[in-house]
Amino acid sequence: MKIGGGPLQRRKGLFFVFEGADGAGTTTQCRLLAEALAARGHKIITTREPGGTSIGERIRNLVLDNRHREMSENTELLLYAAARAQHVAQMIRPALMAGDLVICDRFTASTVAYQVFARGVDGGITETLNQFVVGECVPDHTFYLNVSLAESCRRRVERNQPVDRMEEEGSVFHGKVISGFEKIATNDSRPKSILDASEDKEQLAARVLSDVRKRWAHL
Ligand code: TMP
(Lines give C-alpha, C1' and ligand atoms only; values in the text may rest on other atoms or scores of the structure.)
Protein backbone atom coordinates (compact mmCIF):
# COMPACT_ATOMS: atom_id res chain seq x y z
CA MET A 1 0.00 0.00 0.00
CA LYS A 2 1.34 3.41 -0.96
CA ILE A 3 0.68 6.05 1.64
CA GLY A 4 0.81 9.84 1.19
CA GLY A 5 2.30 11.80 -1.73
CA GLY A 6 0.68 13.87 -4.48
CA PRO A 7 -0.57 17.44 -4.38
CA LEU A 8 -3.42 18.37 -2.06
CA GLN A 9 -5.17 20.62 -4.59
CA ARG A 10 -8.32 18.54 -4.41
CA ARG A 11 -8.44 18.72 -0.61
CA LYS A 12 -12.09 18.84 0.45
CA GLY A 13 -11.93 18.42 4.20
CA LEU A 14 -11.03 20.82 7.01
CA PHE A 15 -8.20 20.57 9.47
CA PHE A 16 -8.59 22.03 13.00
CA VAL A 17 -5.74 22.00 15.50
CA PHE A 18 -5.68 22.74 19.25
CA GLU A 19 -2.41 23.90 20.78
CA GLY A 20 -1.34 24.83 24.28
CA ALA A 21 0.93 23.98 27.19
CA ASP A 22 0.29 20.93 29.39
CA GLY A 23 -2.89 21.55 31.37
CA ALA A 24 -4.32 24.01 28.83
CA GLY A 25 -7.17 21.62 28.09
CA THR A 26 -6.50 20.89 24.41
CA THR A 27 -7.74 17.29 24.75
CA THR A 28 -11.02 18.37 26.36
CA GLN A 29 -11.62 21.08 23.76
CA CYS A 30 -10.90 18.65 20.89
CA ARG A 31 -13.50 16.31 22.33
CA LEU A 32 -16.09 19.04 22.88
CA LEU A 33 -15.69 20.42 19.34
CA ALA A 34 -15.90 16.91 17.90
CA GLU A 35 -19.09 16.21 19.88
CA ALA A 36 -20.67 19.51 18.81
CA LEU A 37 -19.90 18.96 15.12
CA ALA A 38 -20.89 15.28 15.22
CA ALA A 39 -24.21 16.29 16.80
CA ARG A 40 -24.76 18.48 13.74
CA GLY A 41 -24.32 15.39 11.55
CA HIS A 42 -20.72 15.85 10.38
CA LYS A 43 -18.20 13.06 10.08
CA ILE A 44 -15.35 13.90 12.43
CA ILE A 45 -11.93 12.36 12.87
CA THR A 46 -10.26 13.20 16.18
CA THR A 47 -6.62 12.45 16.56
CA ARG A 48 -3.55 13.52 18.52
CA GLU A 49 0.17 14.11 18.36
CA PRO A 50 2.34 12.37 19.00
CA GLY A 51 0.13 9.45 17.98
CA GLY A 52 -2.85 8.86 15.73
CA THR A 53 -1.38 5.84 13.93
CA SER A 54 0.01 2.60 15.33
CA ILE A 55 3.55 3.73 14.48
CA GLY A 56 2.84 7.16 15.99
CA GLU A 57 1.43 5.65 19.19
CA ARG A 58 4.56 3.50 19.57
CA ILE A 59 6.72 6.60 19.10
CA ARG A 60 4.52 8.37 21.68
CA ASN A 61 5.20 5.63 24.23
CA LEU A 62 8.91 5.91 23.55
CA VAL A 63 9.20 9.70 23.59
CA LEU A 64 7.01 10.20 26.70
CA ASP A 65 8.48 7.30 28.69
CA ASN A 66 10.15 8.87 31.72
CA ARG A 67 12.64 5.98 31.97
CA HIS A 68 14.38 7.56 28.93
CA ARG A 69 15.86 10.55 30.75
CA GLU A 70 18.99 10.15 28.62
CA MET A 71 17.12 11.10 25.41
CA SER A 72 18.99 13.84 23.54
CA GLU A 73 17.17 16.97 22.36
CA ASN A 74 17.79 16.07 18.72
CA THR A 75 16.46 12.54 19.21
CA GLU A 76 13.35 13.99 20.82
CA LEU A 77 12.85 16.45 17.92
CA LEU A 78 13.24 13.68 15.32
CA LEU A 79 10.88 11.32 17.12
CA TYR A 80 8.11 13.94 17.20
CA ALA A 81 8.79 14.67 13.53
CA ALA A 82 8.74 10.95 12.63
CA ALA A 83 5.41 10.45 14.39
CA ARG A 84 4.02 13.48 12.52
CA ALA A 85 5.32 12.27 9.13
CA GLN A 86 3.43 8.99 9.55
CA HIS A 87 0.36 10.75 10.90
CA VAL A 88 0.14 13.12 7.93
CA ALA A 89 0.81 10.43 5.33
CA GLN A 90 -1.41 7.71 6.76
CA MET A 91 -4.24 9.60 8.36
CA ILE A 92 -4.52 13.39 8.00
CA ARG A 93 -3.86 13.76 4.28
CA PRO A 94 -6.16 10.90 3.20
CA ALA A 95 -8.92 12.19 5.51
CA LEU A 96 -8.67 15.71 4.07
CA MET A 97 -8.69 14.33 0.54
CA ALA A 98 -11.83 12.33 1.41
CA GLY A 99 -13.57 15.48 2.69
CA ASP A 100 -13.53 14.67 6.40
CA LEU A 101 -13.23 17.11 9.29
CA VAL A 102 -10.04 16.40 11.20
CA ILE A 103 -9.55 17.69 14.75
CA CYS A 104 -6.03 17.23 16.05
CA ASP A 105 -4.75 17.60 19.61
CA ARG A 106 -1.37 19.37 18.99
CA PHE A 107 0.60 19.74 15.78
CA THR A 108 3.64 21.68 14.52
CA ALA A 109 3.36 24.59 16.99
CA SER A 110 3.93 22.13 19.85
CA THR A 111 7.31 21.24 18.35
CA VAL A 112 8.26 24.90 18.18
CA ALA A 113 7.06 25.60 21.74
CA TYR A 114 8.57 22.52 23.41
CA GLN A 115 11.65 21.70 21.31
CA VAL A 116 12.68 25.19 20.16
CA PHE A 117 11.54 27.59 22.91
CA ALA A 118 11.90 25.23 25.87
CA ARG A 119 14.66 22.79 24.86
CA GLY A 120 16.55 25.31 22.76
CA VAL A 121 16.98 23.30 19.53
CA ASP A 122 17.55 25.22 16.32
CA GLY A 123 14.43 27.03 15.09
CA GLY A 124 15.44 26.98 11.42
CA ILE A 125 16.03 23.22 11.38
CA THR A 126 12.73 22.63 13.18
CA GLU A 127 10.88 24.83 10.72
CA THR A 128 12.42 22.97 7.75
CA LEU A 129 11.61 19.62 9.34
CA ASN A 130 8.01 20.66 10.04
CA GLN A 131 7.55 21.82 6.43
CA PHE A 132 9.17 18.63 5.14
CA VAL A 133 6.81 16.31 7.04
CA VAL A 134 3.64 18.41 6.74
CA GLY A 135 3.84 19.68 3.15
CA GLU A 136 0.51 21.27 2.27
CA CYS A 137 -1.30 19.68 5.23
CA VAL A 138 -1.34 22.91 7.22
CA PRO A 139 -4.22 23.59 9.62
CA ASP A 140 -7.24 25.51 8.31
CA HIS A 141 -7.66 26.97 11.79
CA THR A 142 -5.56 26.72 14.94
CA PHE A 143 -6.97 27.27 18.42
CA TYR A 144 -4.28 28.42 20.85
CA LEU A 145 -5.32 27.90 24.47
CA ASN A 146 -3.35 30.23 26.73
CA VAL A 147 -2.80 28.98 30.25
CA SER A 148 -0.80 30.50 33.12
CA LEU A 149 2.01 28.53 34.75
CA ALA A 150 0.11 28.38 38.06
CA GLU A 151 -3.07 27.07 36.39
CA SER A 152 -1.10 24.58 34.28
CA CYS A 153 0.62 23.19 37.43
CA ARG A 154 -2.65 23.10 39.35
CA ARG A 155 -4.42 21.14 36.60
CA ARG A 156 -1.55 18.69 36.18
CA VAL A 157 -1.56 17.96 39.92
CA GLU A 158 -5.36 17.72 39.99
CA ARG A 159 -5.33 15.14 37.17
CA ASN A 160 -3.41 12.84 39.49
CA GLN A 161 -2.09 10.70 36.63
CA PRO A 162 1.40 9.24 36.15
CA VAL A 163 3.77 12.01 35.07
CA ASP A 164 5.39 11.58 31.62
CA ARG A 165 8.92 12.62 30.55
CA MET A 166 7.79 16.07 29.38
CA GLU A 167 5.49 16.76 32.34
CA GLU A 168 8.22 15.93 34.82
CA GLU A 169 10.31 18.87 33.56
CA GLY A 170 10.37 21.74 36.06
CA SER A 171 8.56 25.05 36.08
CA VAL A 172 11.38 26.86 34.21
CA PHE A 173 10.84 24.50 31.25
CA HIS A 174 7.04 24.81 31.36
CA GLY A 175 7.31 28.59 31.72
CA LYS A 176 9.33 28.64 28.48
CA VAL A 177 6.70 26.47 26.77
CA ILE A 178 3.97 28.90 27.84
CA SER A 179 5.77 32.05 26.72
CA GLY A 180 6.82 30.22 23.53
CA PHE A 181 3.20 29.45 22.69
CA GLU A 182 2.27 33.10 23.29
CA LYS A 183 4.89 34.22 20.74
CA ILE A 184 3.97 31.50 18.24
CA ALA A 185 0.28 32.37 18.47
CA THR A 186 0.88 36.09 18.06
CA ASN A 187 3.17 35.55 15.05
CA ASP A 188 1.03 32.90 13.34
CA SER A 189 -0.19 34.57 10.13
CA ARG A 190 -2.62 31.75 9.34
CA PRO A 191 -6.24 31.68 10.61
CA LYS A 192 -6.31 31.25 14.38
CA SER A 193 -8.10 31.97 17.63
CA ILE A 194 -6.18 32.84 20.78
CA LEU A 195 -8.29 31.86 23.77
CA ASP A 196 -8.07 32.02 27.54
CA ALA A 197 -7.84 28.46 28.84
CA SER A 198 -8.81 29.49 32.37
CA GLU A 199 -12.37 30.03 31.19
CA ASP A 200 -15.02 27.45 32.07
CA LYS A 201 -14.61 24.54 29.63
CA GLU A 202 -18.19 24.70 28.28
CA GLN A 203 -17.94 28.47 27.70
CA LEU A 204 -14.61 27.97 25.97
CA ALA A 205 -16.14 25.24 23.79
CA ALA A 206 -18.97 27.61 22.83
CA ARG A 207 -16.39 30.22 21.83
CA VAL A 208 -14.51 27.65 19.74
CA LEU A 209 -17.68 26.54 17.97
CA SER A 210 -18.69 30.13 17.33
CA ASP A 211 -15.27 30.88 15.76
CA VAL A 212 -15.63 27.78 13.57
CA ARG A 213 -19.11 28.79 12.45
CA LYS A 214 -18.02 32.38 11.73
CA ARG A 215 -15.78 30.97 9.00
CA TRP A 216 -17.82 27.92 7.97
CA ALA A 217 -21.47 28.75 8.52
CA HIS A 218 -22.56 25.32 7.20
CA LEU A 219 -20.86 23.63 10.16
P1 TMP B 1 -0.21 15.22 25.64
O2 TMP B 1 -0.74 14.86 24.29
O3 TMP B 1 -0.71 14.36 26.71
O4 TMP B 1 -0.26 16.67 25.93
O5 TMP B 1 1.36 14.81 25.62
C6 TMP B 1 2.19 15.14 24.61
C7 TMP B 1 3.42 15.77 25.19
O8 TMP B 1 4.40 15.88 24.15
C9 TMP B 1 3.18 17.17 25.73
O10 TMP B 1 3.99 17.38 26.87
C11 TMP B 1 3.71 18.05 24.61
C12 TMP B 1 4.82 17.22 24.01
N13 TMP B 1 5.07 17.49 22.58
C14 TMP B 1 6.32 17.98 22.20
O15 TMP B 1 7.18 18.21 23.03
N16 TMP B 1 6.54 18.19 20.88
C17 TMP B 1 5.60 17.93 19.91
O18 TMP B 1 5.87 18.14 18.71
C19 TMP B 1 4.33 17.42 20.33
C20 TMP B 1 3.28 17.11 19.30
C21 TMP B 1 4.10 17.21 21.67
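Numbering of ligands and ligand atoms starts at 1, following listing order. Heavy-atom basis, side chains included; hydrogens, waters and symmetry copies ignored. Residues take their numbers from the sequence shown, with the count starting at 1.
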* Are more than 12 heavy atoms from other residues, nucleotides or ligands located less than 6.0 Å from atom CZ of Arg190? ->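 It does: Arg190 CZ has more than 12 such atoms within range.
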* For Arg207, does the CZ atom have more than 12 heavy-atom neighbours from other residues, nucleotides or ligands under 6.0 Å away? -> no
* Write out the protein residues near ligand 1, meaning a non-hydrogen atom under 4.0 Å from one of its atoms, in order of chain and number. => Asp22, Glu49, Pro50, Arg60, Leu64, Tyr80, Arg84, Arg106, Ser110, Thr111, Tyr114, Gln115, Met166
* To do: Apply side-chain contact (heavy atoms from CB on, under 4.5 Å) to Leu78 and list each qualifying residue two or more places apart in sequence or on a separate chain.
  =>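 Per chain and number, Leu78 pairs via side-chain contact (heavy atoms from CB on, under 4.5 Å) with Leu129.
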* To do: Establish, yes or no, whether a centroid distance under 6.0 Å links the rings of Phe15 and Phe107.
  => yes
* Are the side chain of Arg84 and the backbone of Val134 linked by a donor-acceptor contact shorter than 3.5 Å? -> no
* **salt bridge (charged side-chain N to carboxylate O under 4.0 Å, His left out) between Arg11 and Glu136, worked out** => CA-CA 10 Å; Arg11 161 171 169 173; Glu136 296 157 292; over 6 Å; no
